[in-house]
Protein chains: 2
Amino acid sequence: MSPRAGLDTHTLVLAAAELADEQGIAEVTLAGLAAKLGVRSPSLYNHVNGLKELRTLLAIHGLEQLQTAMEASIVGISGDAAVHAMSRAYVEFARQHPGLYETTLRAPEEGNTSLEEAGGQILSLIINVLAGYELGEEGGLHAVRGLRSILHGFASLKNQGGFGMPLDLEVSLTRLIKTFIAGIRCMRSGEESGKE
Amino acid sequence: MSPRAGLDTHTLVLAAAELADEQGIAEVTLAGLAAKLGVRSPSLYNHVNGLKELRTLLAIHGLEQLQTAMEASIVGISGDAAVHAMSRAYVEFARQHPGLYETTLRAPEEGNTSLEEAGGQILSLIINVLAGYELGEEGGLHAVRGLRSILHGFASLKNQGGFGMPLDLEVSLTRLIKTFIAGIRCMRSGEESGKE
DNA sequence: AATATAAACTAATGACATTAGTTTTGCAAG
DNA sequence: CTTGCAAAACTAATGTCATTAGTTTATATT
């Protein structure tokens, strides 16, 4: 069906992901990728529409992998335990795939359906795991933003070496999630008319 | 003291910061900067040791500006109000200076004293503002990590357009900080022997 | 006014991305 | 088995950058 059957788009994306994780996101170049695949860089244009599209595909791939990891982490669990498990999975994914995770957050294209969908699925996952706290329509969405901020901020700072202090990182994350959950509970019990 | 007195390092950094904020971090190139300054790119090497050093200087400048904004936001305030004010200032700085803020988090050089110092000062600021909660040595440091994660995560996602939902962003941040503070209080009152 | 020096310049090299146009090869149809 | 086509890979070429080397020029100090 295809001559010299060597490469296809998926192979490119996988190789690019390796490059991103091992060498850093700045080393994801068509030249470097071609070298890794034993091919000249113009050949890559048969499978991908330039560097920009490669980055978008990488972002989608990363989001899908992240989603898979998050889903797997919460099978059979619910409540606080699920929030903790999902949080650990998120941060652990970012640690194992620093480059891929980083591409995930750079939105290179507006209006890319696949990309938005992949992001939306992760959003749904977080919404579900927080659904048990009965925060209401609006409150739930604010809480989702909160948890996303926590997870991304922690993972990002950790990956960039932003936490200099000699203190166990796992403990820090566990405490942060505990604090978040406790805060949700306390705020709710302290509410009167739902205002503020 | 200097011939053709046009440029100096500080001018370069300021112009690069403008470029970063207006055009995005990817457009911070020596070629672009030189064009903006009406000069040929090799001339920049008289003031800066290449693109990498420019990025480092940009990061330091950004951290200093951020620190100034955070400090200004809490003069005369303390307690919860200070945490809220500082958080707003942080996120607002990131909004006003998206490119500069982004450079801040990319640690391009290991062991750069000025860079580490600038980061350390922000850390101290956060430590101080959380000091009133009497979290103890270790607990305080975990809390600092937590707040940093929240602030960076929120600012970063907001800047990247990561929050798609049509929901007031200021409310989201205020709630998140409230939740964090409430969580800290609740966790503390629920403690027995200080374990876990 | 003369000079030393720092700043700016031109020229050149090498890494990329990207485009155009050519060659090759695997598969399918005769 | 051969022949042809389409996709994949190639070479060649262009343009943008960063960076280095070496030259020119302006100005501050003498």
Side-chain angles (χ1 to χ4, degrees), chain A residues 1-61 99 102-103 106-110 112, chain B residues 1-61 99 102-103 106-110 112:
Chain A
M1 197 183 244
S2 64
R4 206 173 305 193
L7 304 180
D8 63 357
T9 305
H10 193 234
T11 307
L12 256 62
V13 171
L14 291 185
E18 271 189 31
L19 218 50
D21 287 338
E22 291 168 5
Q23 315 273 341
I25 197 178
E27 302 304 315
V28 179
T29 66
L30 292 184
L33 182 57
K36 183 183 175 90
L37 294 168
V39 130
R40 306 301 184 127
S41 42
S43 306
L44 302 180
Y45 285 80
N46 284 310
H47 308 288
V48 124
N49 213 333
L51 186 58
K52 189 174 172 181
E53 183 181 289
L54 178 67
R55 293 217 176 103
T56 302
L57 293 175
L58 213 44
I60 294 169
H61 175 67
E102 208 179 332
T103 62
R106 287 211 210 295
E109 285 188 42
E110 302 291 327
N112 183 305
Chain B
M1 199 186 243
S2 63
R4 204 171 309 190
L7 305 180
D8 62 359
T9 306
H10 192 236
T11 307
L12 257 62
V13 171
L14 292 184
E18 271 188 32
L19 260 183
D21 288 338
E22 291 168 6
Q23 315 272 341
I25 197 178
E27 303 303 316
V28 178
T29 66
L30 291 184
L33 183 57
K36 183 184 175 91
L37 294 168
V39 133
R40 306 301 184 125
S41 43
S43 307
L44 301 180
Y45 284 79
N46 284 310
H47 309 288
V48 123
N49 214 332
L51 186 58
K52 190 173 173 182
E53 183 181 286
L54 178 66
R55 294 215 177 103
T56 302
L57 293 175
L58 213 44
I60 294 170
H61 175 66
E102 208 179 334
T103 62
R106 287 210 207 296
E109 286 189 42
E110 303 290 326
N112 183 305

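FYI, side chains are in, hydrogens and waters are out, and symmetry mates aren't considered; it's all heavy atoms of this structure. Throughout, protein chains are lettered first and strands after them, A, B, ... in sequence-line order, and every chain is numbered starting at 1.
- Counting heavy atoms from C-beta outward, A:Val13 and A:Ile60 have side chains that stay 4.5 Å or more apart.
- In this structure, CG of B:Asn49 is placed 8 Å from P of D:dT20, rounded to the nearest angstrom.
- The nucleotide whose nearest atom lies closest to any side-chain atom of B:Ser43 is, among C:dA8, C:dT19, D:dA9, C:dA8.
- Atom CG of B:Asp8 and atom C1' of C:dA6 are 13 Å apart (whole Å).
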Sub-3.5 Å pairs of nitrogen or oxygen atoms, protein against nucleotides 21-23 of chain D:
none

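- With respect to the salt-bridge test (charged N to carboxylate O, under 4.0 angstrom), the residues B:Glu27 and B:Lys36 do not qualify.
- The distance between atom CZ of A:Arg55 and atom C1' of C:dA17, rounded to the nearest whole Å, is 11 Å.
- Atom CG in B:Leu54 sits roughly 15 Å away from atom P in D:dC17 (whole-Å rounding).
- For B:His47, no side-chain nitrogen or oxygen approaches OP1 or OP2 of C:dA6 to under 4.0 Å.
- With hydrogens and angles ignored, a donor-acceptor pair closer than 3.5 Å exists between the side chain of B:Asn46 and the base of C:dA8.
- When the P atom of C:dT19 is taken as reference, atom CG of A:Leu51 falls 12 Å away, rounded to whole Å.
- For the atom pair OG1 of B:Thr56 and CZ of B:Arg106, the computed distance is 12.0 Å after rounding to the nearest 0.5 Å.
- What separates CG of A:Leu44 from P of D:dA9 is a distance of 9 Å, to the nearest Å.
- Each of B:Leu30, B:Leu57, B:Leu37 was compared with B:Leu12 under the side-chain contact (heavy atoms from CB on, under 4.5 Å) criterion, and only B:Leu37 meets it.
- Note: CD (B:Glu27) to P (D:dA18) measures 11 Å, nearest angstrom.
- Using a 4.5 Å cut-off on side-chain heavy atoms (C-beta onward), A:Leu14 and A:His61 make contact.
- Put simply, the side chain of B:Leu7 reaches to within 4.5 Å of the side chain of B:Val39, judged on heavy atoms.
- Look at B:Tyr45 and you'll find a side-chain N or O under 4.0 angstrom from OP1 or OP2 of D:dT19.
- For A:Leu7, the listed nucleotide lying nearest its side chain is D:dA9; candidates were D:dA9, C:dA17, D:dA18.
- One can place CZ of A:Arg40 at 20 Å from P of C:dT19, the figure rounded to the nearest angstrom.
- Atom OG1 of B:Thr29 and atom CD1 of B:Ile25 lie 12.5 Å apart (nearest 0.5 Å).
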